[in-house]
Amino acid sequence: MSVDVKTVKRVAHLARIAVSEEDAERMTGELNAILGFVEQLNEVDVSGVEPMTSVTPMEMKKRGDVVTDGNKAADIVANAPATDENFFLVPKVVE
Amino acid sequence: MSDLTRLTISQARAKLRAKEITATELTESYLSAIDRANPALNAYVAVTGDKARDMAKASDTRLAKGEGGALEGIPLGIKDLFGTEGVHTQACSHVLDGFKPRYESTVTSNLWADGAVMLGKLNMDEFAMGSSNETSYYGPVINPWRRSRLDTVVMPTTHQGDGGFVSAGGTKTQRSLDNAQLVPGGSSGGSATAVSAFLCAGATATDTGGSIRQPAAFTGTVGIKPTYGRCSRWGIVAFASSLDQAGPIARDVRDAAILLKSMASVDPKDTTSVDRPVPDYEAAIGKPIKGMKVGIPKEYRVDGMPEEIEALWQKGIAWLRNAGAEIVDISLPHTKYALPAYYIVAPAEASSNLARYDGVRYGLRVPGKDIVEMYEKTRAAGFGREVKRRIMIGTYVLSAGYYDAYYLQAQKVRNLIKRDFENVFAAGVDVILTPATPSAAFGIADEDMAADPVKMYLNDIFTVTVNMAGLPGIAVPAGLDPKGLPLGLQLIGRPFEEETLFQTAAVIEQAAGTFQPEKWW
């Protein structure tokens with residue numbers, strides 16, 4: 001499978017990365033080189049093989065349904081580019 | 001006073017405990033070494049001198065009372081991927097500009113609890129994506145190793161006495177360093193360079209496809225990626241969560257064992273961290289390997305592999321055989337599919353993990369006319385080319401209609417890769433010996449690799465299988481190539497049998513010796 005410039009632009013939008021016409025053209029070539037490389041996986045017979053879901057065989061740990069953390073609003077917004085009284089500020093999203 | 005930066009961790013530990021040196025002296029030695037070397041090598045992206053001095057002073061107080069921890073007063077460098085409270089943590093990306101976390105990663109917390117001193121944050125490929133440390137927003141790291149060439153020098157003819165005796169009159173050869181700058185490998189290039197160039201006693205690193213072992217091999221240092229789950233991933237900037245593991249880079253096998261002991265722990269904040277005791281890895285060093293079964297996988301003999309890599313591998317086999325190990329040929333039939341499967345799984349996970357960099361909660365924000373434009377502009381400006389490329393691949397293979405063909409297929413192949421290893425371990429193989437990398441360190445701005453991303457990816461051909469199967473792997477220096485550059489061997493072990501790796505790597509180290517670059521910086 002390979003991608004064209006139109007697909008690259010669509011994927012870039014899905015990934016929320018702005019691309020120029022020139023970027024999209026360069027990326028098309030790069031992505032096709034990588035997709036060409038991974039193509040060889042199709043020759044592997046995977047009939048009856050489960051996809052990997054856990055790297056090490058282990059039972060999923062569950063934690064108690066209790067509050068262990070909190071009251072850190074100031075820490076959480078400390079690194080944000082724009083805040084107001086412990087809220088994150090973003091451009092208007094509702095007209 | 002002799003140069004304290006030349007001490008290994010175990011040597012420094014002994015001198016600190018014996019009060020022959022102080023943590024403050026040791027720390028000052030490293031800080032001045034960094035000051036002199038960093039403009040040339042670019043290993044550190046942030047030096048935390050004041051913090052280091054405070055920590056060293058506190059160590060000296062504890063040492064004076066005989067209360068020192070396992071790493072008391074040992075100065076370490078920390079890869080920029082580890083969250084360090086109040087200190088530069090940017091995964092060497094522009095998108096995390098100015099980020100100083102309000103928390104400390106579990107691995108670094110463990111190190112400080114054992115008394116280690118933080119010297120600063122180390123350069124790396126952006127978000128750990130790269131094999132040459134050239135994708136860093138802070139510029140490439142330079143390998144302290146340089147190629148050397150053998151020059152033939154004509155000896156002057158000398159006459160002695162009146163008998164007309166003519167000495168030499170021939171030629172001799174001498175090594176001289178080439179000026180070409182080489183990469184230290186990646187993504188933990190800053191860690192490897194800092195350790196190799198004596199700019200820290202040891203360093204933390206992380207490995208998703210080879211990011212500890214490949215740079216260790218390129219710099220003549222020891223690097224171990226432990227079993228998935230051995231170290232907590234909490235507080236480490238995530239790349240591909242099912243593959244990422246933290247581990248140390250050190251100057252010798254013993255130092256790597258000392259560091260891993262402190263780094264590893266079970267952690268309620270990482271549910272994939274494993275609840276089993278951390279062994280005393282150091283105790284494994286020096287144990288005989290007589291009767292150990294060492295597997296040699298035929299699939300690692302790849303086309304176009306340089307002669308010196310094959311020769312190194314044969315040398316490793318001979319050393320282990322001479323030490324009493326039984327050498328057996330094995331087959332890991334799905335090896336060639338590990339790298340292509342990795343380039344689906346890792347970007348898929350990365351595209352999901354890196355979705356959080358949106359210009360809202362931390363780091364860079366580039367304004368836009370609405371929120372979507374703000375996201376798109378921020379991410380376009382904040383991520384470098386390689387990171388964008390991987391996010392794009394990941395987004396594509398996870399997008400509607402392609403998930404089964406790519407991601408599901410890759411995760412099935414991944415199970416087959418893991419099964420290959422399980423089969424050889426079930427047949428009694430204790431450890432697998434392979435080359436660590438398909439070549440020695442290459443030049444900065446290598447044109448072939450810049451032109452074709454897949455060429456760069458091939459650096460990880462011997463290391464990536466280990467991440468796919470979640471196994472432990474260690475890279476240990478084993479010799480120099482004809483140009484005088486270090487080469488490494490890799491040992492792969494059963495899950496959670498890091499002790500076997502240290503035990504076997506120590507045998508290789510004893511036979512091969514350790515390697516230091518000639519200082520030019």
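All of these numbers come straight from a predicted model, not from anything done at the bench. Just so it is clear, the values below take in all heavy atoms, side chains as well, and ignore hydrogens, waters and symmetry mates. By convention in this document, chain letters (A, B, ...) are assigned in the order of the sequence lines, proteins followed by strands, and residues within each chain are numbered from 1.
Proximity of Gln411(B) to Thr53(A): side-chain heavy atoms (C-beta onward) are nowhere separated by under 4.5 Å. Residues Pro91(A) and Asp370(B) have side chains not in contact (no heavy-atom distance under 4.5 Å, counting atoms from C-beta outward). At a threshold of 4.5 Å between non-hydrogen side-chain atoms, the residues Val49(A) and Arg419(B) count as touching.
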Self-check item: Residue pair Lys412(B), Val44(A): steps toward the side chain to side chain contact (heavy atoms under 4.5 Å, CB included) verdict
Solution: CA-CA 9 Å; Lys412(B) 286 178 181 172; Val44(A) 184; over 6 Å; no
Exercise. Report the C-alpha separation of Val55(A) and Arg414(B) in whole Å, then their side-chain angles, then the decisive distance to 0.1 Å, and conclude whether the side chain to side chain contact (heavy atoms under 4.5 Å, CB included) test is met.
Key: CA-CA 10 Å; Val55(A) 192; Arg414(B) 193 172 170 190; 3.7 Å; yes
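Looking at Gln409(B), its side chain does come within 3.5 Å of a backbone N or O of Leu41(A) through a donor-acceptor pair. Side-chain N or O atoms of Asn79(A) include one that pairs as donor or acceptor with a backbone N or O of Lys100(B) at under 3.5 Å. A distance-only check finds no donor-acceptor pair linking the side chain of Lys418(B) to the backbone of Thr56(A) [under 3.5 Å].
For the options Val345(B), Asp452(B), Leu339(B), heavy-atom pairs under 4.5 Å to chain A are most numerous at Leu339(B). Contacts with chain A were tallied for Lys388(B), Glu373(B), Arg385(B); Arg385(B) has the most, counting heavy-atom pairs under 4.5 Å. Put simply, of Arg16(A), Glu39(A), Glu50(A), Lys92(A), the one with the most heavy-atom pairs under 4.5 Å next to chain B is Arg16(A). When Gly470(B), Ser242(B), Pro367(B) are compared by the number of non-hydrogen pairs under 4.5 Å with chain A, Ser242(B) comes out ahead. Of the residues considered (Leu408(B), Leu416(B), Leu471(B)), Leu416(B) shows the highest number of contacts with chain A, using heavy-atom pairs under 4.5 Å. Comparing Ala78(A), Ala82(A), Ala15(A), Ser20(A) by how many heavy-atom pairs each has under 4.5 Å with chain B, the most go to Ala15(A).
Within residues 22-38 of chain A, the residues that have a heavy atom under 4.5 Å from a heavy atom of chain B are Arg26(A), Met27(A), Glu30(A), Leu31(A), Ala33(A), Ile34(A), Leu35(A), Phe37(A), Val38(A), listed by number. Contacts between residues 61-75 of chain A and chain B, counted as heavy-atom pairs separated by less than 4.5 Å, involve Lys61(A), Asp75(A).
When all heavy atoms of Gly363(B) and Pro81(A) are compared, the closest pair comes out as O-CG, 3.5 Å. Closest approach of Met52(A) to Met468(B), counting heavy atoms only: CE-O, 3.7 Å. Shown here for Gln40(A) and Tyr337(B), the closest heavy-atom pair between the two residues is O-CE2, 3.5 Å.
Looking at Val387(B), neither its backbone nor its side chain comes within 4.5 Å of chain A, counting heavy atoms on both sides. In this structure, no portion of Tyr342(B) lies under 4.5 Å from any heavy atom of chain A. In this structure, chain A has no heavy atom under 4.5 Å from any part of Ser352(B). For a residue to count as touching a neighbouring chain, one of its non-hydrogen atoms must lie under 4.5 Å from one of that chain's; by this rule Val3(A) touches chain B with the side chain only. Residue Tyr103(B): no heavy atom, backbone or side chain, is found under 4.5 Å from chain A. Only the side chain of Val454(B) comes within less than 4.5 Å of a heavy atom in chain A; its backbone stays farther off. Proximity to chain A involves both the backbone and the side chain of Met392(B), based on heavy atoms less than 4.5 angstrom apart. Of the atoms belonging to Ala355(B), not a single heavy atom falls under 4.5 Å from chain A. Proximity to chain A is limited to the side chain of Tyr457(B), based on heavy atoms less than 4.5 angstrom apart.
Surrounding CZ of Phe88(A) are more than 12 heavy atoms belonging to other residues, nucleotides or ligands, all under 6.0 Å away. The environment of Glu447(B) atom CD is sparse: at most 12 non-hydrogen atoms of other residues, nucleotides or ligands sit within 6.0 angstrom.
With values rounded to the nearest 0.5 angstrom, Arg10(A) atom CZ is found 8.0 Å from Tyr396(B) atom OH.
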